[in-house]
Number of protein chains: 2
Amino acid sequence: MFAEERKGKIVEIIKSGNSAKVSELAKLFNVSEATIRRDLMELEQTGQIVRTHGGAVSSQNTNFEPSFIEKQDKYLKEKEEIAKKAASLVSDNDTITIDSGTTTQFIAKYLKAKGVTVVTNSVNLADELSRRDDMEVIVTGGVIRTKTKAMVGPVAESALKQFRVDKLFLGCNGVSIKMGVTTPNIVEASTKRAMIEGAKEVYLVVDSSKFDEVSFSLICPASKIDYIVTDKLPNDYEKYKHLGIEFILV
Amino acid sequence: MFAEERKGKIVEIIKSGNSAKVSELAKLFNVSEATIRRDLMELEQTGQIVRTHGGAVSSQNTNFEPSFIEKQDKYLKEKEEIAKKAASLVSDNDTITIDSGTTTQFIAKYLKAKGVTVVTNSVNLADELSRRDDMEVIVTGGVIRTKTKAMVGPVAESALKQFRVDKLFLGCNGVSIKMGVTTPNIVEASTKRAMIEGAKEVYLVVDSSKFDEVSFSLICPASKIDYIVTDKLPNDYEKYKHLGIEFILV
DNA sequence: ATTAAATCAAACATAAATGAACATAAACAA
DNA sequence: TTGTTTATGTTCATTTATGTTTGATTTAAT
């Protein structure tokens, strides 16, 4: 039996029976548990199952049911994976800024590090993080933009000037070597710029559909970015490397 | 059964309207109560349920019947009525500040006036108001206090200094002629003071249980208050009148 | 207001499961 | 042939899920 066949059967088993143990699967297919774990890891990455300690469960009947609006976004799965990856880059006792945005949004859910201080201008992140008492959460404040639920403007910017963080997780609508990092709204762009000023390392968190896109307002030239967390390399990724930008793939 | 499955079922049970006791769930799933508590803790963190002493209830307050947690606060109905009254005091084109707090919380729901600009330091209010595109919403920012979901501290205060509003709707834990307006946390008190500084008129929004209560941190002397929106006059209301404080009853 | 019972959080203990590093062997390519 | 890749197995330090105990809180009853 080939690995692919085995994986296919594992998905079947889990989807029909709703859960399966690593030990059971190992016995069933006559392979080591390490192999099963590797299979499950892959299947989780492609969103076909959800792993648990000891095995895996169907992704369908698990807690988070994507809302209607979320389902409409075909890059949702990528976004969530990218956010998970980004969250894994946070070390214990880091101070970080998380920008508002459809991808960065999900970082909170996967933040596991201890003693983290988070600065954010996202209403959604503020709401989610306000439930966690294992980290310090600082909100920038500012005028709320209904469309993006970001807090922006002078209030946000003057708050951002107060802090120096280790890592910034930045979202945007377009990134290109030639045209830089861009977003549609000029006030939001200015606020993002303030975030960049206060961060030691800048992680751009985008799905691959944003490469070579260009929006109206320039945030900064591409060279300001230190890392790009994404799901696929752009075609001209050599040029990014040349600028000293490192890629972190999910 | 995996932890994930168990948690999923717990959510189901609770969302389907049934409250659940820790002891019942432990027996049902054949695990220790400590495990159930840990499950509930996590589910509460992700906002899926709300814990109570002895168990948990649904977080979605769409229930027709007042949930456990609501019943626990016997002043809830008063709070909501008071908030409704407070909201009715807002005129078209007013600029207002709404403090965080269990009573002020509800004001957003009843805000009908047009062209209003709202300043708030409440995470919950920011979240609720961010959905409305008929008003400008400015968030103070600041460090989030997990307990009260208020944003406080220097960031909040320096933001508040930027604005002059027509009306402030202030919450507190105690008000007395002699001891003034008080709240348990000193940082929160300082932030409330900053709100008062920037407001032309101060409306204290409290249910009648707060009269003659005294908490640790002084916000301001009673004389700073212009109006008190509440459900019942205090015994010494003549003294309040003497200070020029007017009562607005629901 | 006091007391008793229920519930809780925190600290500790433990066994199972895991991830990471390394090892092996078959398949493949030069 | 020889080197490289791929899938798998093995070992072990670390993490996770869970249970247990204990002292503190909360609630309910007197």
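By convention in this document, chain letters (A, B, ...) are assigned in the order of the sequence lines, proteins followed by strands, and residues within each chain are numbered from 1.
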Next item on the list: Round to a whole Å and report the spacing from CD1 of Ile36(B) to P of dA6(C).
Entry: 19 Å
For residues 223-230 of chain A, which side-chain N or O atoms pair as donor and acceptor with protein atoms under 3.5 Å away, sequence neighbours left out?
{"residue": "Asp226(A)", "atom": "OD2", "partner": "Val202(A)", "partner atom": "N", "Å": "2.8"}
{"residue": "Thr230(A)", "atom": "OG1", "partner": "Val206(A)", "partner atom": "O", "Å": "2.8"}
{"residue": "Thr230(A)", "atom": "OG1", "partner": "Ser208(A)", "partner atom": "N", "Å": "3.4"}

Check: Starting at CZ of Phe29(B) and ending at P of dG19(D), how long is that distance when rounded to a whole Å?
Finding: 13 Å
Checklist line | No-hydrogen, no-angle side-chain donor-acceptor test under 3.5 Å, Thr95(A) and Asp166(A) | finding: yes
Checklist line | d(CG, Asp39(A); C1', dG19(C)) in whole Å | finding: 15 Å
Notebook entry, point to check: Can you tell me if Ser190(B) and Glu157(B) form a side-chain donor-acceptor pair at under 3.5 Å?
Noted result: yes
Check: To the nearest Å, how far apart are Leu43(B) CG and dA17(D) C1'?
Finding: 15 Å
Notebook entry, point to check: Atom CZ of Phe2(B) to atom P of dT16(D): distance rounded to whole Å?
Noted result: 16 Å
Item checked: the helix from dA1(C)-dT30(D) to dA30(C)-dT1(D): angle between end helix axes, five pairs per end, rounded to 10 degrees -> 30°
Note to self: Rounding to an integer number of Å, can you tell me how far Arg38(B) CZ sits from dT15(D) P?
What the structure shows: 18 Å
Notebook entry, point to check: Just to confirm, is there a sub-4.0 Å distance from OP1 or OP2 of dG19(D) to any side-chain nitrogen or oxygen of Thr35(B)?
Noted result: yes
Note to self: Using a 4.0 Å heavy-atom cut-off, does Ala34(A) contact any base of the nucleic acid, only the sugar-phosphate backbone, or nothing at all?
What the structure shows: base
Could you write out each protein N or O paired with an N or O of nucleotides 16-18 of chain C at a distance under 3.5 Å?
{"residue": "dA17(C)", "atom": "O4'", "partner": "His53(A)", "partner atom": "NE2", "Å": "3.2"}
{"residue": "dA17(C)", "atom": "O3'", "partner": "Gly54(A)", "partner atom": "N", "Å": "2.9"}
{"residue": "dT18(C)", "atom": "OP1", "partner": "Thr52(A)", "partner atom": "O", "Å": "3.4"}
{"residue": "dT18(C)", "atom": "OP1", "partner": "Gly54(A)", "partner atom": "N", "Å": "2.6"}
{"residue": "dT18(C)", "atom": "OP2", "partner": "Arg37(A)", "partner atom": "NE", "Å": "2.8"}
{"residue": "dT18(C)", "atom": "OP2", "partner": "Arg37(A)", "partner atom": "NH2", "Å": "2.9"}
{"residue": "dT18(C)", "atom": "O5'", "partner": "Arg37(A)", "partner atom": "NE", "Å": "3.3"}

Notebook entry, point to check: Considering the options Arg193(B), Lys149(B), Arg145(B), which one meets the salt bridge (Lys or Arg N to Asp or Glu O under 4.0 Å) requirement together with Glu188(B)?
Noted result: Arg145(B)
Notebook entry, point to check: Can any side-chain N or O of Ser176(B) pair as donor or acceptor with the backbone N or O of Lys178(B) at less than 3.5 Å?
Noted result: yes
Margin query: Regarding Glu246(A) and Tyr240(A), do their side chains bring together a donor and an acceptor under 3.5 Å, going by distance alone?
Written below: no
Next item on the list: Send over the distance from Leu25(B) CG to dG19(D) P, rounded to a whole Å.
Entry: 13 Å
Note to self: Please check this pair: side chain of Thr140(A) against backbone of Gly141(B), looking for a donor-acceptor N/O pair closer than 3.5 Å.
What the structure shows: no
Check: Are Glu33(B) and Ser23(B) linked by a side-chain donor-acceptor pair shorter than 3.5 Å?
Finding: no
Check: Taking atom types as modelled, is there a side-chain donor on Asn124(A) or Ser122(A) under 3.5 Å from an acceptor on the other?
Finding: no
Item checked: From dA17(D), dT10(D), dG19(D), nucleotide with atom closest to Val31(B) side chain -> dG19(D)
